[in-house]
Amino acid sequence: MPETPQDVLKMIQDENIELIDLKFVDLFGIWQHCTFHRSLIEEESFDEGIAFDGSSIRGWKAINASDMSMVPDASTAWFDPFMDTPTLSMVCSIKEPRTGEWYERDPRSLAARALEYLQSTGIGDTVYCGPEPEFFIFDDVRYDQNEHEGYYHVDSAEGMWNSGRSEDGGNLGFKTGYKRGYFPVSPSDTLQDIRTEMLLTMGNCGVPIEKHHHEVGTAGQCELGIRFSPLISAADNVMTYKYVVKNVARKYGKSATFMPKPVFNDNGSGMHTHMSIWKDGQPLFFGDNYADLSDLALYFIGGLLKHAPAVLAFTNPSLNSYKRLVPGFEAPVNLAYSQGNRSASIRIPLTGSNPKAKRLEFRCPDASSNPYLAFAAMLMAGLDGIQNKIDPGEALDVDIYELSPEELSKIPSTPGSLEGALSALAHDSEFLTKGGVFTEDFIDNYITYKLDNEVNPMRLRPHPFEYMLYYDA
């Protein structure tokens with residue numbers, strides 16, 4: 001893989017590449033792109049960027065201040081496997097062309113500011129993130145919402161609800177039972193080959209790959225394992241992961257979604273995220289406290305737990321996110337930490353005596369999030385915990401289902417809705433604005449957009465279940 005602009009330009013020349021696709025992430029974690037002829041890509045492009053109109057990007061510029069520049073990162077170059085004409089792809093950050101400053105609402109630039117802030121504190125110089133996005137693969141997806149109807153319909157040949165369906169050639173059974181989709185072999189697991197192609201394609205795009213497997217959900221729930229990386233690279237990898245998964249699924253005539261809870265009464269899809277801080281090549285989370293954690297790691301956990309309701313506005317940013325964060329589906333609804341309890345929002349994975357592997361796993365996030373914002377928010381919360389020596393309290397190593405209602409009431413829980421998380425963010429954002437990482441303008445704009453375009457529109461629309469409850473009122 002190339003590392004410098006000169007490497008990229010040489011690759012374009014040597015491989016006779018005519019088209020370069022520049023991708024950047026919007027406020028909500030969706031890749032946007034524009035494809036340029038090679039004649040427009042020069043060495044200066046990697047510093048000054050290439051101009052485009054930002055006024056049509058959701059939550060960004062007004063029409064009277066729309067000029068922006070996308071600046072490609074040479075280290076992200078890979079050949080796009082889904083384009084017939086050989087095309088080199090690169091991920092970009094966004095600049096203000098008139099000032100040369102990084103655009104404050106650009107998520108990738110914001111993540112870079114978070115790293116700069118970490119380094120300015122002297123606490124550490126590197127953050128490693130290991131995200132674990134989950135997703136569903138469906139054979140059929142239909143939905144609509146208008147003045148006189150609102151519905152969705154999803155289907156999967158693996159779905160247990162199809163156990164009695166008449167199928168071409170006969171129904172051969174082997175449907176995946178509810179909550180029984182974790183690690184079954186074929187013929188129950190019908191998605192081995194498609195996951196293999198997804199994983200190997202990601203590897204060819206520069207993502208460090210590890211494994212793949214079926215997940216718990218009955219209707220084609222899957223996960224591809226990728227290795228940890230420095231924060232910005234990890235976020236880049238999540239974006240490539242989602243791009244590859246969706247396009248390979250489409251190639252097979254299927255549809256992949258990272259929606260957190262697309263199937264009622266079964267497990268949802270999360271993006272458990274591992275994180276650790278290093279300095280001068282040395283890990284900082286290993287120590288002689290609970291689960292071999294250092295004081296610094298415990299303070300980081302304390303900060304993440306304290307600010308979790310506000311952090312979830314970025315790590316769990318959709319209305320649907322909170323359909324997943326409910327008890328009974330292996331969901332991390334308890335704001336506590338544990339070395340084994342998967343219902344705790346922070347788990348300390350088993351790492352043996354290897355200091356370099358010591359990390360925490362924040363289990364709340366899902367892949368509807370913008371990974372740059374999610375990882376940056378997690379980091380800022382943890383740093384606030386370190387700076388203020390926030391005690392995380394005792395670990396939650398008991399079976400929560402055996403706790404009495406009185407004992408359970410003492411354990412704080414995640415917000416019950418997106419509106420609750422946005423309210424927490426509105427009242428607890430000072431930790432995010434340190435070092436100008438998240439600006440007040442960014443946070444206000446984010447909250448306003450979410451309320452105006454997601455929370456409030458949902459309030460106005462009848463839900464199909466309301467007809468089940470109230471039509472005969």
task: Flag the pair Phe24 / Trp60 as yes when their ring centroid distance falls below 6.0 Å, and as no otherwise.
output: yes
query: Relative to each other, are the rings of Tyr446 and Phe442 parallel, tilted or perpendicular (30° and 60° limits)?
result: parallel
Tyr449 ring center near Phe28 ring center (under 6.0 Å): yes
- prompt: Taking the side chain from Thr76 and the backbone from Asp73, do they hold a donor-acceptor pair closer than 3.5 Å?
  reply: yes
task: Identify whether NZ of Lys or CZ of Arg in Lys251 sits under 6.0 Å from the centre of the six-membered ring of Phe82 and within 45° of that ring's axis.
output: no
task: Name the orientation class of the two ring planes belonging to Phe135 and Phe258 (parallel below 30°, tilted from 30 to 60°, perpendicular beyond 60°).
output: tilted
Tyr151 ring center near Tyr143 ring center (under 6.0 Å): no
message: Is the distance between the ring centroids of Trp278 and Phe285 under 6.0 Å?
response: no
- request: Give a yes or no on whether a salt bridge exists between Asp26 and Arg105, defined as a side-chain N under 4.0 angstrom from a carboxylate O.
  value: no
Ser321 (side chain) donor-acceptor with Ser318 (main chain) under 3.5 angstrom: yes
- prompt: Closest heavy-atom contact between Val238 and Pro131?
  reply: CG2-CG, 3.5 Å
message: I'd like to check Pro349 versus His274 (side-chain heavy atoms, cut-off strictly below 4.5 Å). Are they in contact?
response: yes
message: Regarding Lys95 and Asp106, does a basic nitrogen lie under 4.0 Å from an acidic carboxylate oxygen?
response: no
query: Can we say Arg459 and Glu419 salt-bridge, meaning some charged N sits less than 4.0 Å from an Asp/Glu carboxylate O?
result: yes
- prompt: For the residue pair Thr218 and Trp161, what are the closest heavy atoms and their distance?
  reply: CG2-CZ3, 3.9 Å
message: Check for me whether the distance between the ring centres of Tyr241 and Tyr243 falls short of 6.0 Å.
response: no
statement: In terms of heavy-atom contacts, Met380 and Lys434 come closest through CE-O, 3.6 Å
- request: Report yes if the side chains of Val8 and Met90 come closer than 4.5 Å at any heavy-atom pair, otherwise no.
  value: yes
- prompt: Got Arg58 and Leu27 here, is their nearest side-chain heavy-atom distance under 4.5 Å?
  reply: no
query: Between Arg142 and Asp155, does at least one N-O distance fall below 4.0 Å, as a salt bridge requires?
result: no
field: Qualifying salt bridge (Lys or Arg N to Asp or Glu O under 4.0 Å) pairs with a residue from residues 449-458, counting only residues at least two apart or across chains
entry: Lys450-Glu454
query: Quick one: salt bridge (Lys or Arg N to Asp or Glu O under 4.0 Å) pairs with a partner in residues 206-221, sequence neighbours left out?
result: Glu210-Arg227
- prompt: Between Ile277 and Thr126, is any pair of side-chain heavy atoms under 4.5 Å apart?
  reply: no
- prompt: Just wondering, more than 12 heavy atoms not from Glu430 lying within 6.0 Å of its CD?
  reply: no
query: Any Lys/Arg nitrogen of Asp366 or Lys261 sitting under 4.0 Å from an Asp/Glu carboxylate oxygen of the other?
result: no
query: At their closest point, which heavy atom of His427 faces which heavy atom of Ser423, and how far apart are they?
result: ND1-O, 2.8 Å
